[in-house]
Amino acid sequence: MSELCPRFEKAMQIISKRWVGLILFELLDGPKRFSEMESSLPVSGRLLSDRLKMLEKEGIVDRNIYSEFPVRIEYTLSKKGESLRPVIEDIQSWADDWITKEEVEEISK
């Protein structure tokens, strides 16, 4: 058996962190404001903020500030983040094929 690649391990640590996959999935549709993501994801504002900061530090998400009144801040996938699109879409496709309605209902409880 081959040795675990440190790069693969790091990638899995990033994308397997709770809520990261859902945040990335949200951003596949384009730029989002914090409040838009907070209202569409079942996550607290504090945790969402922590995850966005982590993704920004990793270079996966860009935080764009627009000098308007009031100031507008949007989050987008960076080039590095956008390169995860096929991975996320493949996970969605796998979930469509293999995750049952009953399993989804069990998660919701």
Side-chain angles (χ1 to χ4, degrees):
M1 184 160 182
S2 64
E3 189 176 320
L4 184 63
C5 172
R7 288 180 176 183
F8 180 81
E9 184 177 5
K10 171 70 175 175
M12 289 306 296
Q13 286 173 355
I14 293 168
I15 63 174
S16 68
K17 194 165 275 213
R18 187 160 188 168
W19 306 114
V20 166
L22 294 179
I23 293 167
L24 296 175
F25 188 83
E26 274 289 302
L27 291 172
L28 287 179
D29 289 337
K32 293 272 188 333
R33 295 174 89 157
F34 184 89
S35 59
E36 291 176 290
M37 286 188 284
E38 188 177 28
S39 66
S40 65
L41 294 171
V43 59
S44 72
R46 191 175 129 246
L47 188 56
L48 177 59
S49 178
D50 288 348
R51 292 299 184 261
L52 287 168
K53 285 178 187 171
M54 184 268 298
L55 290 167
E56 186 179 2
K57 182 180 173 216
E58 294 291 343
I60 295 170
V61 168
D62 289 330
R63 183 174 182 254
N64 304 301
I65 303 170
Y66 299 95
S67 299
E68 301 172 351
F69 186 79
V71 172
R72 180 170 50 106
I73 300 172
E74 288 183 339
Y75 295 88
T76 59
L77 292 175
S78 65
K79 184 176 180 182
K80 183 177 179 179
E82 186 61 42
S83 70
L84 285 167
R85 179 179 293 276
V87 175
I88 295 166
E89 289 174 345
D90 282 349
I91 292 171
Q92 178 65 62
S93 178
W94 178 86
D96 290 342
D97 291 343
W98 293 99
I99 303 295
T100 66
K101 183 179 177 185
E102 293 76 25
E103 289 173 306
V104 172
E105 290 169 356
E106 195 62 33
I107 292 169
S108 303
K109 291 181 182 178

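Just so we're clear, the structure is a prediction, and the values are computed from it rather than from any experiment.
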Out of curiosity, [X] [atom1] to [Y] [atom2], how far, rounded to the nearest 0.5 Å?
X: I23; Y: L52; atom1: CD1; atom2: CG; answer: 5.0 Å
X: W19; Y: D50; atom1: CH2; atom2: CG; answer: 14.0 Å
X: Q92; Y: I99; atom1: CD; atom2: CD1; answer: 10.5 Å
X: E58; Y: Q13; atom1: CD; atom2: CD; answer: 9.5 Å
X: K17; Y: L55; atom1: NZ; atom2: CG; answer: 9.5 Å
X: R33; Y: I73; atom1: CZ; atom2: CD1; answer: 8.5 Å

Over all heavy atoms of both residues, which pair between [X] and [Y] is shortest? Give the atoms and the distance, please.
X: E74; Y: P31; result: OE1-CB, 3.5 Å
X: L27; Y: Y75; result: CD2-O, 3.3 Å
X: K80; Y: G59; result: CB-O, 3.4 Å
X: L84; Y: I15; result: CD1-CG2, 4.3 Å
X: S83; Y: P86; result: O-CD, 3.4 Å
X: W98; Y: E103; result: O-OE1, 3.6 Å

Point to revise | Shared hydrophobic cluster for L77 and I65 (ILVMFWY, side-chain gaps under 4.5 Å) | key: yes

Exercise for review: Show the numbers, then the answer: is there a side-chain contact (heavy atoms from CB on, under 4.5 Å) between M54 and V20?
Suggested key: CA-CA 9 Å; M54 184 268 298; V20 166; 3.5 Å; yes

Check your understanding: What's the verdict on side-chain contact (heavy atoms from CB on, under 4.5 Å) for R51 and V43, showing C-alpha distance, side-chain angles and the deciding distance?
Key -> CA-CA 10 Å; R51 292 299 184 261; V43 59; over 6 Å; no

Point to revise | Pair R72 + E68: basic N to acidic O under 4.0 Å | key: yes

Check your understanding: Sequence neighbours excluded, which residues qualify as side-chain contact (heavy atoms from CB on, under 4.5 Å) partners of R85?
Key -> L28, E82, E89

Review point. Would you say F8 has more than 12 foreign heavy atoms packed within less than 6.0 Å of its CZ?
Key: no

Check your understanding: Got a sec: does the CZ of F34 have more than 12 other heavy atoms crowding it under 6.0 Å?
Key -> yes

Check your understanding: Side chains of W94 and D97: closer than 4.5 Å at any heavy-atom pair?
Key -> no

Exercise for review: Check for a donor-acceptor pair, side chain of S39 on one end and backbone N or O of S35 on the other, with a separation under 3.5 Å.
Suggested key: yes

